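Below: one structure, written as structure tokens.
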Amino acid sequence: MKLNLGQPAWREALPPTRSVSSDAPVSACAFSNDGALVAFALGDGSVRLLPADPKAAATDATPPVHGGAVLSLVSDPAGAGFVSGGDDGRILRIALDGTATELANFKGKWVDRMVAHKANEAIAAAVGRNAVVFKDDRMHEVGPHPSTVADLDFSKDGGRIATAHYDGATVWSLANITAPPRRFAWRGSHVALRWSTDGKFIATGTQENDIHVWRMAQATDMRMQGYPAKVKSLSWTADARFLYTSAQPVFTAWSFSGKGPEGKPPLQFGEEGAGLLAVVAAHPAAEFVAGGYDSGELQLGDIKTRRSVVLKMADGSAITCLAWSPDGFRLAVGNDSGALLVIDLRR
């Protein structure tokens, strides 16, 4: 991806952006596998689909598909549409025309976390104290865990799934779902989890305003402190050299090159934003990172040059989701007041 944050155009004019308003907050967003459509999960129970090309005509709003708020959303790894989860306990497959097919119904439970593995064509969702995995038209359930599953992620090859919960993380093998899981203990509530893109580390954000990282091979761990708030968003770079974290006023990246970050300060760069970063999303291939603030500000950072530019000014409504297109040239953004943005970064 060719983008120089030092170009005058990036400092004098914002990139082309599709902006659509909705009447409900946005909880999640995702691009279709071909990058042509963007889906936004809304608090009124609907999933809004928009063309990714800002020049294309916007589609009309669709009726609600969930009986409450849509809490989670991913691109369907086994198809052309999306999969959503809601506070009505339903998991739905959303076609490109907006029609919905129910995959499962966990009445009385929330489905507020969901991940997909494209190569493995698998989807996993957090449902109360359990996690459910959909693969090859079958559903597998793992758990129960010590508490509600707060987050989850697939391993690099899609053969395992890690869950975050109270007192640590748990790793399950999908090849032998009945086998005892591997447990990684650390006291406290773990609220976010991401498996590194090289498969060597699992990182969690905790209720105690820090992050915890386990080395998978040695089962050793490390703790990084000094955050002013809970770290609810984690994102690894494509090469797994850096882990980006939220809850700081500037981009904060922990280096996992060499012996790792333990005992060393993180790399911090970019313009200090209004408020704290609420969501971070590393680029799928290049050395860029998008960061959305609790104030509504949006920045794009370049770890190579240690610079950042503002793509959206603060408006008082927190950024709630970020998603990169498969080719890395477009960025989807949603916020707490219902703004749906698709930003074109090709120029």
Side-chain angles (χ1 to χ4, degrees), residues 3-6 10-12 14-15 17 25-29 151 188-194 203-213 222-237 241-256 260-283 286-324 331-337 339 341 343 345:
L3 173 63
N4 180 0
L5 298 189
W10 278 94
R11 298 202 175 270
E12 296 174 3
L14 296 178
T17 301
V26 184
S27 61
C29 51
D151 206 356
S189 181
H190 298 253
V191 298
L193 181 147
R194 281 297 172 266
T204 65
T206 78
Q207 191 85 10
E208 288 71 35
N209 299 358
D210 60 22
I211 62 173
H212 209 82
V213 181
M222 63 192 83
R223 182 186 187 191
M224 283 80 92
Q225 301 172 277
Y227 289 87
K230 300 173 194 173
V231 182
K232 295 182 179 181
S233 181
L234 305 165
S235 186
W236 293 88
T237 55
R241 288 178 57 207
F242 294 96
L243 172 66
Y244 286 107
T245 63
S246 62
Q248 290 283 6
V250 295
F251 287 113
T252 300
W254 296 91
S255 173
F256 281 78
E262 195 170 22
K264 303 175 184 177
L267 173 63
Q268 294 186 299
F269 65 93
E271 301 290 334
E272 185 168 325
L276 298 177
L277 283 162
V279 189
V280 288
H283 191 275
E287 297 178 315
F288 305 115
V289 59
Y293 285 79
D294 56 10
S295 64
E297 185 174 320
L298 175 68
Q299 289 193 22
L300 181 68
D302 183 348
I303 197 170
K304 187 175 181 180
T305 63
R306 309 292 196 267
R307 304 180 73 171
S308 71
V309 293
V310 175
L311 298 181
K312 176 183 170 296
M313 300 299 292
D315 58 7
S317 182
I319 302 292
T320 53
C321 71
L322 297 171
W324 287 100
L331 179 68
V333 186
N335 74 7
D336 221 15
S337 64
L341 307 177
I343 302 174
L345 300 170

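Atom set for the values below is all heavy atoms of this structure, side chains included, hydrogens, waters and symmetry mates excluded. Keep in mind that this is a model prediction, so the values were computed, not measured. Positions are given from 1, in the same order as the sequence printed here.
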For Leu298 and Val333, the nearest pair of non-hydrogen atoms, with its separation, is CD2-CG2, 3.8 Å
Grab the two heavy atoms, one from Leu277 and one from Ser246, that are nearest each other, plus how far apart they are. O-CB, 3.3 Å
Salt-bridge present (Asp151, Lys232; N to O < 4.0 Å): no
Verdict with reasoning, Trp324 to Leu345, per side-chain contact (heavy atoms from CB on, under 4.5 Å): CA-CA 11 Å; Trp324 287 100; Leu345 300 170; 3.6 Å; yes
Which atom pair, heavy atoms only, marks the closest approach of Lys230 to Ala247? O-CB, 3.5 Å
Answer yes or no: is there a donor N or O on one side and an acceptor on the other, between the side chain of Thr252 and the main chain of Thr245, under 3.5 Å? no
Nearest 0.5 Å, what's the CZ-CD distance between Arg241 and Glu287? 6.5 Å
Measuring from Leu341:CG to Leu322:CG, what's the distance to the nearest 0.5 Å? 10.0 Å
Main-chain N/O of Gln207 paired with Ser189 side-chain donor or acceptor, under 3.5 Å: no
Trace of the side-chain contact (heavy atoms from CB on, under 4.5 Å) decision for Gln225 with Asn209: CA-CA 7 Å; Gln225 301 172 277; Asn209 299 358; over 6 Å; no
Close side-chain approach of Phe269 and Val289, heavy atoms under 4.5 Å: yes
At their closest point, which heavy atom of Val26 faces which heavy atom of Cys321, and how far apart are they? CG1-SG, 3.7 Å
Would you call Asn335 and Asp315 a side-chain contact if the rule is heavy atoms closer than 4.5 Å? yes
Taking Ser317 for its side chain and Gly296 for its backbone only, find out whether a donor-acceptor pair lies under 3.5 Å. no
Looking only at heavy atoms, what is the nearest atom pair of Pro266 and Trp254, with distance? CD-CH2, 3.5 Å
The ring-ring contact (aromatic ring centres under 6.0 Å, His included) partner of Trp236 among Tyr244, Phe242, Phe256 is Phe256
So Tyr227 and Ile211, do their side chains get closer than 4.5 Å, heavy atoms only? yes
Shortest non-hydrogen contact from Ala282 to Ser235? N-OG, 2.8 Å
When rounded to the nearest 0.5 angstrom, what is the spacing between OG1 in Thr204 and CZ in Arg223? 10.5 Å
Please list, chain by chain and in numerical order, all residues satisfying salt bridge (charged side-chain N to carboxylate O under 4.0 Å, His left out) with Asp294, sequence neighbours excluded. none
Working to the nearest 0.5 angstrom, can you tell me the gap between Ile343 CD1 and Leu300 CG? 9.0 Å
With rounding to the nearest 0.5 angstrom, report the CZ to CD distance, Phe251 to Glu271. 10.5 Å
Which residues pass the salt bridge (charged side-chain N to carboxylate O under 4.0 Å, His left out) test with Arg306, not counting sequence neighbours? none
For the pair Thr320 (side chain) and Gly334 (backbone), establish whether a donor and an acceptor sit closer than 3.5 Å, ignoring hydrogens and angles. yes
Residues two or more places apart in sequence or in another chain: which of them pass side chain to side chain donor-acceptor pair (under 3.5 Å) with Glu297? Gln299
